[in-house]
A.B. asks: 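Next up is a structure, given as structure tokens.
A note on names: the letters A, B, ... follow the listed sequences, proteins ahead of strands, and every chain is numbered from 1.
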Amino acid sequence: MSLPQGILVFVVLAPGAVFGVLAFLWLLGWTPGERLVSRITGVTFSACVLGLAALLWKLAFFPGNLSPAPLAAGGSRAVVVTFGNWFAVHDYRFPLVLMVDRLSLPFLAMTVMLSGLIGQFSATYLHRERGFFRFFLLLHLFAFGSLLAFAAGSFDLLAAGWEIVGITSVLLIGFFQHRPAPVENGLRVFAIYRACDIGLLAGIFAMHQWTGTAAFQNGFPMLTGAEVVTVCLLLLLAASGKAAQVPFSGWLPRAMEGPTPSSAIFYGAISIHAGAYLLLRIQPVLAQSALASALVILIGVATAIHGTIAGRASADAKTSLAYASLSQVGVVFVEIGMGWNSIAVAHILGHATVRTMQFLRAPSMLHDYHQMHSAIGGEVSQAGKYLEGLLPEGIQLWLYRWAFDRGHLDTILDSWVVHPLLEVSKAFAKLDRIGLPRRRPRPRDQAILLPGTARQGGD
Amino acid sequence: LMALHVGMEHASLLTNIAILVPWFAALVTAAYRKQARLIGFFAALMAVAACSLLLMAAPSGASLYQALMLLYSCLTLAATLVLPRRDCGPGAIAGIHVMLGSTLLAYSTGNLLILLAAWVLTTIPFFVPRWFQARSWRPRAGLSLSILTLACAIALIAASTHTASIESLKGRSPGGIPVFGLLVAAVVFRKGIFPAHAWVADAAEGGPAVPTALLFNGHFGALLVAKLIVPLFPATSGHLFPLLSYFAIATALYVAIRALTENSPRRLLAFIALSQSASILAGLESRTAEGITGALVHWFVVTVSTVGLFGILRLLEVRFGENLTAAKHFGLVEHAPRLAVSFAVFGLALVGLPGTLSFCSEDLLIHGTLMSHPLGGLLIPIATAMNAVSVFRLFTRLFLVNRRTGFTVMADALPRERWILTAGILFVVLGGLFPNVIVAQHSAEVDMAQQAMHAPVRFVDPWNWKPPYLPPSHAAESRLVPARGEASNE
């Protein structure tokens with residue numbers, strides 16, 4: 001294994017190893033102190049940043065002995081590490097391939113830098129918080145999942161990282177586990193993630209079925225005609241779920257229940273852009289399908305409009321920022337659909353950085369405002385123009401209702417998917433009771449899936 | 001090397017030790033009625049040691065049953081340690097050791113009558129009042145019907161072929177379609193395949209949690225498919241398994257939907273376990289190497305995870321009370337964080353969390369079933385997604401959100417429980433990191449099963465089947481089912 005390959009392996013595995021060791025020791029009964037945890041986090045991510053800097057230097061100045069990058073034009077190079085197969089059965093293989101190329105390197109750099117930054121910020125922000133250790137454990141797991149997804153050389157491995165990011169995201173939404181709302185919202189987000197991830201699994205299966213592989217370190221699997229459209233649509237479902245695009249946008253404001261640092265890194269920076277990364281990764285086939293590209297653009301436009309309108313009726317800073325984030329990711333989708341990949345990557349990097357800063361400043365925004373107010377000795381003048389004021393009053397009211405209910409997206413999902421499914425489940429329950437003596441229904445037998453409907457215990 | 005040598009030389013002796021020691025321990029516990037946990041622990045430990053030697057001595061790639069024997073004896077050992085004091089009476093220890101010996105007998109035997117005896121013996125504690133019997137009548141009905149159908153099938157086989165050796169009956173379709181149908185019915189009743197699924201949840205709710213989980217996780221239905229139905233009826237299996245596979249997939253989906261509104265934690269866990277077990281059956285019946293391998297690996301995951309989940313649930317019931325429900329939050333993580341984390345890991349390991357063995361098994365299983373049924377197979381990931389939501393819902397309701405009113409201090413996992421749970425977590429996680437160790441174990445069995453089901457049939461007509469009345473050696477010469485290479489020459 002050459003030095004660049006070693007560095008890549010270290011960068012991807014380091015946060016995972018830290019998570020594994022800390023979790024195992026905790027299971028055996030040892031919990032490290034805050035200072036130790038934050039130092040370990042700082043050292044880990046600093047080492048990762050240095051490693052990636054070395055990789056960048058190698059890719060930029062000494063690319064001669066590296067493999068040609070599969071998807072990037074212009075003769076650029078990639079660092080590829082092949083570990084063989086994770087498991088193999090006859091012709092089916094799960095290749096363990098890590099790869100860093102022009103597309104994945106910015107995402108890897110963004111992940112380690114922002115994770116390290118969030119780690120340092122959280123050491124102070126969550127000082128003496130009961131879940132301090134848990135937060136840092138999950139931060140390392142999340143960083144590992146993201147790095148795995150971005151450095152994967154096959155869609156199989158990408159799916160593994162993708163799922164880890166999802167479960168970490170859900171556990172951090174429910175970070176304040178003593179309150180019902182974060183917990184129930186976490187459950188809701190988990191359900192949407194799992195539903196959309198079916199698209200990823202089915203898309204990967206389709207690639208295996210039609211091309212015999214889902215690896216892309218040697219070029220994208222060769223698909224033709226209807227295969228292209230099918231794979232693109234399945235992966236678009238997964239990407240839309242992860243990036244909270246319409247019609248799955250309802251989970252994003254719910255995810256703001258988590259602590260601010262996790263909101264910043266997940267929904268301002270990395271997790272929200274994972275869907276865009278997936279689309280950028282499949283860009284060679286996406287470009288072959290006009291239908292899929294048009295759908296990507298359509299979803300992007302719808303999300304951008306939805307985000308900007310719903311964000312205007314949001315009462316709290318984090319939700320406003322979440323919707324602003326959503327609008328930008330919608331625009332990124334449009335850029336990807338149009339085939340403007342470099343612009344999309346630059347947009348993602350810039351957006352992630354700025355949005356993270358905004359999220360981290362959000363808790364002290366009021367304090368900042370008051371400071372500014374007293375410094376200038378009066379009211380701060382209103383900034384910006386409210387173009388919705390130009391519309392007729394009736395439409396304004398309608399739009400306000402629409403924005404206030406967040407585009408009715410959750411209502412639609414509940415009425416069309418969740419409630420019918422629960423009704424079917426109840427019908428099955430009745431069917432199962434055939435042959436048993438009748439019993440009086442108790443309150444606890446009420447079906448519960450929707451957030452906020454669970455009774456708080458104690459009676 | 002010495003252990004390997006001992007294992008190879010004395011395989012039958014080790015098998016006898018693994019089976020007889022638990023039975024002897026059951027008798028001693030029932031008679032002596034003291035030190036039940038200690039006696040049970042040492043008996044299970046001896047079974048584990050004997051099964052380990054057997055596994056080490058087994059040929060590479062063909063050690064499925066030895067691995068399953070080791071897994072089941074390890075689970076019984078863990079159950080002996082994890083059982084709360086109030087559940088760990090002489091009756092319970094005797095019962096789970098009767099089940100251990102009988103299950104190992106079923107895994108190791110090559111005789112139909114002994115298989116039937118083992119099948120019956122594992123269920124006996126569930127028919128005896130105040131032993132493991134559930135309140136509802138449906139578990140007894142389900143188990144009775146499974147025994148009856150299996151007994152009828154074996155009686156027909158014995159009557160028509162005058163032999164009870166599985167080896168000599170391989171590929172001969174003994175008894176034709178009627179026997180095949182009876183064997184499938186036995187699988188349906190024992191495994192809880194739709195529409196005979198309701199007894200599983202009743203048994204979990206009304207019976208003792210850990211012994212019932214051990215009963216499910218003998219996976220006798222899948223055993224019957226792997227050990228009897230596929231080898232004896234390769235041609236019929238090849239034709240009719242797609243239909244059965246749809247039934248298994250339908251069961252997985254049905255109980256996954258059913259679990260969405262279930263609020264009794266035990267029933268909910270039973271539904272999730274049943275859904276995942278049905279996936280095992282769907283994989284076995286997929287007739288693809290990926291599906292069969294995925295099913296065999298998933299067998300290990302489901303077994304460890306569901307026993308772990310039921311064990312943790314029972315520990316919570318003992319500490320908190322038996323009024324747990326998924327309809328409200330209990331906030332038990334404050335008191336039992338390690339139990340909470342173990343529950344989350346086992347629960348998510350059951351539904352394909354990356355980094356656990358089930359990620360690999362689900363991946364193979366879904367690929368296998370999608371290859372054999374492109375549309376029906378899509379229901380497996382949908383069912384798994386619903387199971388994931390259900391298990392996460394149960395986790396959030398039991399462990400998260402603070403309770404409003406007072407609650408006395410509750411102990412977290414005790415050291416003996418903690419070590420056992422950590423061992424279980426290590427198994428699913430290390431298995432997930434190095435899955436090839438387990439996947440490669442079964443390559444020979446998978447090849448055999450797949451070849452048997454795909455081999456073209458020369459002169460077996462299941463509907464006009466006549467007993468061949470051939471001695472085993474003659475039958476082997478005539479080769480009712482030719483090998484794959486031969487078929488192309490004809």
Side-chain angles (χ1 to χ4, degrees), chain A residues 20 23-24 26-29 85-92 94 145 156 159-164 167 170-171 174 177-180 183-184 186-187 190-191 194-195 197-198 201-202 205 208-209 421-422 424-426 428-429 432 435-436 443-449 454-459, chain B residues 136 138 197-198 201 254 257-263 289-290 293-294 325-331 333-334 338 341-342 348 352-355 359-360 363-364 366-367 370-371 378 381-382 385-386 388-389 392-393 396-397 399-405 407 418 421-422 425 435-436 439 443 446:
Chain A
F24 183 68
W26 178 83
L27 264 181
L28 295 180
N85 294 316
W86 196 3
F87 51 88
V89 177
H90 286 222
D91 298 334
Y92 176 70
F94 193 117
D156 304 283
W162 185 275
E163 296 278 352
I164 292 174
I167 190 70
V170 168
L171 290 174
Q177 57 196 25
H178 52 279
R179 289 193 288 119
V183 171
E184 292 298 309
L187 179 59
F190 184 69
R194 292 299 298 197
D197 289 352
I198 293 170
L201 292 176
F205 163 74
H208 272 284
Q209 184 73 0
L421 197 59
L422 293 182
V424 172
S425 179
K426 282 180 193 170
F428 286 172
D432 281 356
L436 290 181
R444 73 177 193 186
D445 291 331
Q446 290 162 358
I448 284 162
L449 186 72
R455 289 185 296 126
Q456 202 166 1
D459 46 349
Chain B
S136 165
R138 291 197 293 202
H197 63 282
Y254 179 94
I257 294 174
R258 175 70 187 83
L260 288 174
T261 49
E262 182 56 61
N263 286 327
E290 291 89 340
T293 309
T325 162
K328 61 184 180 186
H329 296 287
F330 287 88
V333 70
E334 290 289 322
R338 283 174 182 82
V341 168
S342 305
L348 294 173
L353 176 75
F359 181 72
C360 150
D363 189 77
L364 288 170
I366 290 170
H367 274 85
L370 279 169
M371 278 169 77
L378 198 60
I382 293 173
M386 282 194 242
V389 174
F392 195 71
R393 179 171 72 98
T396 58
R397 300 288 155 81
F399 289 103
L400 305 184
V401 183
N402 280 357
R403 288 171 59 78
R404 277 199 195 124
T405 55
F407 175 53
R418 191 183 299 171
L421 292 174
T422 305
I425 290 172
N436 240 355
V439 170
S443 52
V446 170

A.B. asks: For B/F359 and A/F94, take the angle between the two ring planes, folded into 0 to 90°, and tell me which bin it lands in: parallel under 30, tilted 30 to 60, perpendicular over 60.
C.D. replies: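 Answer is perpendicular, since the angle exceeds 60°.
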A.B. asks: Below 4.5 Å from any heavy atom of chain B, which atoms of A/A23 appear? Answer side chain, backbone, both or neither.
C.D. replies: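 The answer is neither part of A/A23.
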A.B. asks: Answer yes or no: is there a donor N or O on one side and an acceptor on the other, between the side chain of B/T261 and the main chain of A/L422, under 3.5 Å?
C.D. replies: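 Checking the backbone N and O of A/L422 against the side chain of B/T261, no donor-acceptor pair under 3.5 Å is found.
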A.B. asks: In terms of side-chain geometry, is the basic nitrogen of A/K426 or B/E262 positioned less than 4.0 Å from the acidic oxygen of its partner?
C.D. replies: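 Salt bridge absent between A/K426 and B/E262.
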A.B. asks: What residues, two or more places apart in sequence or in another chain, satisfy ring pair (Phe, Tyr, Trp, His ring centres under 6.0 Å) together with B/F399?
C.D. replies: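 Once residues adjacent in sequence are excluded, the partners of B/F399 under the ring pair (Phe, Tyr, Trp, His ring centres under 6.0 Å) criterion are B/F343, B/F395.
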A.B. asks: What pairs with B/S136 under side-chain contact (heavy atoms from CB on, under 4.5 Å), at least two apart in sequence or on another chain?
C.D. replies: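 B/S136 satisfies side-chain contact (heavy atoms from CB on, under 4.5 Å) with A/L436, B/R138, B/P139, B/D202 only.
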A.B. asks: Going through the checks in order, is the side chain to side chain contact (heavy atoms under 4.5 Å, CB included) test met by B/M386 and A/L421?
C.D. replies: CA-CA 11 Å; B/M386 282 194 242; A/L421 197 59; 4.2 Å; yes
A.B. asks: Look at B/I366, B/V341, B/L378 and state which one has the largest set of heavy-atom pairs under 4.5 Å with chain A.
C.D. replies: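 The candidate making the most pairs under 4.5 Å is B/V341.
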A.B. asks: Could you look at A/E163 and say if it's the side chain, the backbone, both or neither that has a heavy atom under 4.5 Å from chain B?
C.D. replies: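 Interface part for A/E163: both.
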A.B. asks: Any chance you could lay out the side-chain hydrogen bond (donor to acceptor under 3.5 Å, both in side chains) test for A/Q177 and B/H329, step after step, and finish with the verdict?
C.D. replies: CA-CA 11 Å; A/Q177 57 196 25; B/H329 296 287; over 6 Å; no
A.B. asks: Which one wins on heavy-atom pair count under 4.5 Å against chain A: B/M371, B/H197, B/R258?
C.D. replies: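 Max contact count across the listed options: B/R258.
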A.B. asks: Pick whichever of B/P381, B/C360, B/G355 has the most heavy-atom pairs under 4.5 Å with chain A.
C.D. replies: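 Looking at each option in turn, the highest pair count goes to B/C360.
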A.B. asks: So which residue, B/A385, B/G331, B/P354, B/G352, ends up with the most heavy-atom pairs under 4.5 Å with chain A?
C.D. replies: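 When all of B/A385, B/G331, B/P354, B/G352 are compared, B/P354 has the most.
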A.B. asks: Side-chain contact test, heavy atoms from C-beta onward, threshold under 4.5 Å: evaluate it for A/W26 versus B/R338 and give yes or no.
C.D. replies: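 The answer is yes, as the side chains (C-beta and beyond) meet within the 4.5 Å cut-off.
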A.B. asks: Of the listed residues (B/L370, B/T422, B/T396), which shares the most heavy-atom pairs with chain A below a 4.5 Å separation?
C.D. replies: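 Ranked by heavy-atom pairs under 4.5 Å with chain A, first place is B/L370.
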A.B. asks: If we count only N and O atoms by modelled type, under 3.5 Å, do the side chains of B/E290 and A/H208 hold a donor and an acceptor together?
C.D. replies: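 Looking only at side-chain atoms, A/H208 and B/E290 do not form any donor-acceptor pair under 3.5 Å.
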A.B. asks: Who among B/G294, B/A388, B/A198, B/A259 has the most heavy-atom pairs with chain A under 4.5 Å?
C.D. replies: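 Among the listed options, the one with the most contacts to chain A is B/A388.
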A.B. asks: Should A/F87 and B/L364 count as side-chain neighbours, where that means a heavy-atom distance under 4.5 Å?
C.D. replies: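 A/F87 vs B/L364: side chains touch.
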A.B. asks: Under 4.5 Å between any side-chain heavy atoms of A/E184 and B/R397, yes or no?
C.D. replies: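 Answer yes - side chains close enough.
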A.B. asks: With a 4.5 angstrom heavy-atom cut-off, which part of B/L421 approaches chain A: side chain, backbone, both or neither?
C.D. replies: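 It is neither, since no heavy atom gets under 4.5 Å.
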A.B. asks: Sort A/I164 into side chain, backbone, both or neither according to what part of it lies under 4.5 angstrom from a heavy atom of chain B.
C.D. replies: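 Both backbone and side chain of A/I164 come within 4.5 Å of chain B.
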A.B. asks: State, yes or no, whether a side-chain contact exists between B/F392 and A/L187 at a heavy-atom distance under 4.5 Å.
C.D. replies: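 Touching, per the 4.5 Å side-chain cut-off.
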A.B. asks: Most heavy-atom pairs under 4.5 angstrom with chain B, which of A/V183, A/V170, A/L171, A/D197?
C.D. replies: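 The candidate making the most pairs under 4.5 Å is A/V183.
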A.B. asks: What's the shortest heavy-atom distance between B/N436 and A/N85, and which atoms?
C.D. replies: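 Heavy-atom minimum between the residues: ND2-O, 4.2 Å.
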A.B. asks: Output, in order, the C-alpha distance, side-chain angles, deciding distance and verdict of side chain to side chain contact (heavy atoms under 4.5 Å, CB included) for B/T293 and A/Y92.
C.D. replies: CA-CA 11 Å; B/T293 309; A/Y92 176 70; over 6 Å; no
